[in-house]
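Got a structure for you, questions after.
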Amino acid sequence: MCRSIKTLRPPALPEEATEDEIWAAALQYVRKVSGFRAPAAHNREVFDRAVDAIAEATAGLLDGLEVRGAGAGTAAARQAG
């Protein structure tokens with residue numbers, strides 16, 4: 001869909017994705033879906049809410065994923081740390 005959105009889970013990303021990386025991916029998604037690189041002032045609030053909601057959903061997804069073959073899964077490794 002959008003080539004500038006990178007995979008944020010191991011092993012594609014050697015470490016846990018940062019909040020900035022998650023937010024950047026969410027921003028790229030909203031830009032692609034809305035067709036706006038930067039929304040007009042009257043659309044700014046809904047645009048920003050969408051980025052925040054997608055970033056939150058993405059963080060939840062990454063927290064819950066179990067990546068097999070990467071030792072103890074992502075979720076288990078986070079719980080232990």
Throw together a table of side-chain donor-acceptor distances under 3.5 angstrom for residues 47-59, partners on residues two or more places apart or in other chains.
{"residue": "D48", "atom": "OD1", "partner": "R44", "partner atom": "NH1", "Å": "3.2"}
{"residue": "R49", "atom": "NH1", "partner": "E45", "partner atom": "OE2", "Å": "2.9"}
{"residue": "T58", "atom": "OG1", "partner": "I54", "partner atom": "O", "Å": "2.8"}

Can you name the side-chain hydrogen bond (donor to acceptor under 3.5 Å, both in side chains) partners of S34, sequence neighbours left out?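 If we apply the side-chain hydrogen bond (donor to acceptor under 3.5 Å, both in side chains) test to S34, skipping adjacent residues, there are no hits.
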Return the set of residues passing side chain to side chain contact (heavy atoms under 4.5 Å, CB included) with A25 (not counting sequence neighbours), or none when no residue passes. I5, L8
Should F36 and V46 be regarded as members of a common hydrophobic cluster, given that ILVMFWY residues are connected when their side-chain heavy atoms come within less than 4.5 Å of each other, either directly or indirectly?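 Different clusters: F36 never reaches V46 through Ile, Leu, Val, Met, Phe, Trp or Tyr contacts under 4.5 Å.
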Checking side-chain contact (heavy atoms from CB on, under 4.5 Å) against T18, which of E16, E21, E15 comes through?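 Testing each of E16, E21, E15 against T18, the sole residue satisfying side-chain contact (heavy atoms from CB on, under 4.5 Å) is E21.
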